[in-house]
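Note sheet for the following structure.
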Amino acid sequence: MKLDILAITAHPDDVELCCAGTLLSQIALGKKVGIVDLTRGELGTRGTPEGRIQEAKDAAAIMNISIRDNAGLADGFFVNNEAHQKAIIPYIRKYQPDIVITNAVIDRHPDHGRAGQLVADSCFYSGLRMIKTYDEQGGEQQAWRPKHIFHTVQDRYISPDFVVDITAFHDLKVEAIRAFKSQFHVPEYNEEGEPQSYISTPEFLEFVIARAREMGHSIGVTFGEGFTTAKKLGIRDLSSFI
């Protein structure tokens, strides 16, 4: 399946927190969208890796995502090297996205910035035909390089290069976030024996919503999601701006 957009991020729930509204807006336009989680989030303070996988499936169903894969890299210990790039390139070549969305260039969690660079480098190397990768049937994959790589804005504020209006999709974004019951403040989740974490407090979700309001305010709408890009963006129609 060729995808228009592929989000590749470090942990299950990174997409939901940072770019779910954007993905939902593009799906509404008829775009095919997929997600690849690099890890199972097995170092998370709460929940289990198996539970996180199910929560990721639930969130994908809420968002009507075409595919959601998990690369099975080691949470906290993946690095940007040849072996890890060659673990990601097959997904890029399999789905041939025109746009890849990935983690912030730098953030509070070390995995985020590292994943952002790993994915960006993998996208470049995916376009080199002399790097050989193979599909599940053993067939050689065709080289493919996405047209654009966009980085999210996560915990640490980064001034965005552009902001997407997600006002019409913000409520569904919050619903997708809440699918990760073990990670965030969801009153019906049985927290017995679970410690409180940085992201499980009611205040954290309030912060996520406030960030979306801040981004939206910057472009004159209610809710938005910001992105950075190393590549200059071109436009053919000035009336496309909000």
Side-chain angles (χ1 to χ4, degrees), residues 1-16 18-20 22-24 26-27 29-41 53 56-57 59-60 63-75 77-105 107 111-152 154 161-162 164 225 227-234:
M1 179 190 298
K2 184 190 183 311
L3 298 175
D4 297 298
I5 302 170
L6 180 61
I8 311 176
T9 56
H11 310 111
D13 74 26
D14 282 353
V15 163
E16 285 73 16
C18 304
C19 62
T22 297
L23 299 188
L24 285 162
Q26 298 309 292
I27 291 169
L29 293 173
K31 303 290 181 64
K32 287 186 171 60
V33 175
I35 298 171
V36 174
D37 301 310
L38 295 183
T39 77
R40 297 182 300 155
I53 292 295
K57 290 178 180 178
M63 293 189 289
N64 197 26
I65 295 294
S66 295
I67 65 97
R68 188 165 200 161
D69 288 337
N70 193 291
L73 303 187
D75 189 15
F77 297 102
F78 65 84
V79 294
N80 185 9
N81 64 7
E82 178 183 350
H84 286 80
Q85 291 159 6
K86 286 184 175 178
I88 298 171
I89 289 171
Y91 292 103
I92 300 168
R93 290 178 172 178
K94 177 180 181 179
Y95 295 117
Q96 299 184 341
D98 297 314
I99 294 171
V100 164
I101 296 176
T102 188
N103 290 101
V105 292
D107 203 42
D111 282 3
H112 294 166
R114 193 165 62 251
Q117 192 58 57
L118 170 60
V119 171
D121 289 349
S122 298
C123 286
F124 180 85
Y125 292 128
S126 178
L128 300 180
R129 68 182 183 89
M130 297 305 290
I131 295 177
K132 306 299 183 185
T133 59
Y134 302 89
D135 60 27
E136 294 93 334
Q137 289 73 43
E140 186 174 324
Q141 292 181 309
Q142 179 183 355
W144 181 268
R145 184 174 295 147
K147 295 177 182 177
H148 297 286
I149 303 165
F150 299 142
H151 295 269
T152 61
Q154 298 191 245
D161 293 317
F162 67 94
V164 177
E225 288 174 338
F227 299 87
T228 64
T229 173
K231 178 181 177 181
K232 293 294 183 185
L233 300 177

State, to 0.1 Å, how close [X] and [Y] come at their nearest heavy-atom pair, and which atoms those are.
| X | Y | value |
| --- | --- | --- |
| Thr152 | Cys19 | CG2-CB, 4.1 Å |
| Asn70 | Thr39 | ND2-O, 2.9 Å |
| Leu38 | Ala115 | CD1-CB, 3.9 Å |
| Phe78 | Asp111 | CZ-O, 3.5 Å |
| Arg129 | Lys132 | O-NZ, 3.3 Å |
| Thr9 | Ile101 | CG2-O, 4.4 Å |

Worksheet item: Given the rule in the side chain to side chain contact (heavy atoms under 4.5 Å, CB included) test, do Val15 and Ile65 qualify, once you have shown the distances and angles that lead to the verdict?
Response: CA-CA 11 Å; Val15 163; Ile65 295 294; over 6 Å; no
Hey, what do you get for [atom1] ([X]) to [atom2] ([Y]), rounding to the nearest 0.5 Å?
| X | Y | atom1 | atom2 | value |
| --- | --- | --- | --- | --- |
| Tyr95 | Lys32 | OH | NZ | 13.5 Å |
| Ile67 | Ile35 | CD1 | CD1 | 8.0 Å |
| Leu23 | Asn64 | CG | CG | 11.5 Å |
| Thr102 | His112 | OG1 | NE2 | 10.0 Å |
| Phe227 | Thr22 | CZ | OG1 | 3.5 Å |
| Ile53 | Arg40 | CD1 | CZ | 6.5 Å |

Worksheet item: Heavy atoms, side chains only, cut-off 4.5 Å: are Ile5 and Ile27 in contact?
Response: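 No; the side chains remain at least 4.5 Å from each other.
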Worksheet item: Can you check whether Leu73 reaches His84 side chain to side chain, under 4.5 Å on heavy atoms?
Response: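 Answer yes - side chains close enough.
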Is the side chain of [X] donor-acceptor paired with the backbone N or O of [Y] at a distance under 3.5 Å, no angle test?
| X | Y | answer |
| --- | --- | --- |
| Trp144 | Ile92 | no |
| Gln141 | Pro90 | yes |
| Asp161 | Thr229 | yes |
| Gln154 | Ala104 | yes |
| Arg145 | Ser126 | no |
| Ser66 | Gly34 | no |
| Asp13 | Glu16 | no |
| His151 | Asn103 | yes |

Item to complete: Carefully, step by step, assess Ile131 and Gln85 under the rule side chain to side chain contact (heavy atoms under 4.5 Å, CB included).
Response: CA-CA 11 Å; Ile131 295 177; Gln85 291 159 6; over 6 Å; no
Worksheet entry | Crowding at CD, Glu140 (>12 non-hydrogen neighbours, <6.0 Å) | yes
Worksheet entry | Heavy atoms from other residues, nucleotides or ligands near NZ of Lys147 exceed 12 (cutoff 6.0 Å) | no
Worksheet item: Thinking salt bridges, do Asp135 and Arg93 make one under a 4.0 Å N-O criterion?
Response: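 Between Arg93 and Asp135 there is no salt bridge, as every charged N stays at least 4.0 Å from the carboxylate O atoms.
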Discussion item. With a 4.0 Å cut-off on N to O distance, would you call Arg68 and Asp37 a salt bridge?
Written reply: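 The answer is yes: the pair qualifies as a salt bridge.
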Practice prompt. Please name the residue in the list Asp98, Leu233, Val100 that meets the side-chain contact (heavy atoms from CB on, under 4.5 Å) test with His148.
Written response: Leu233
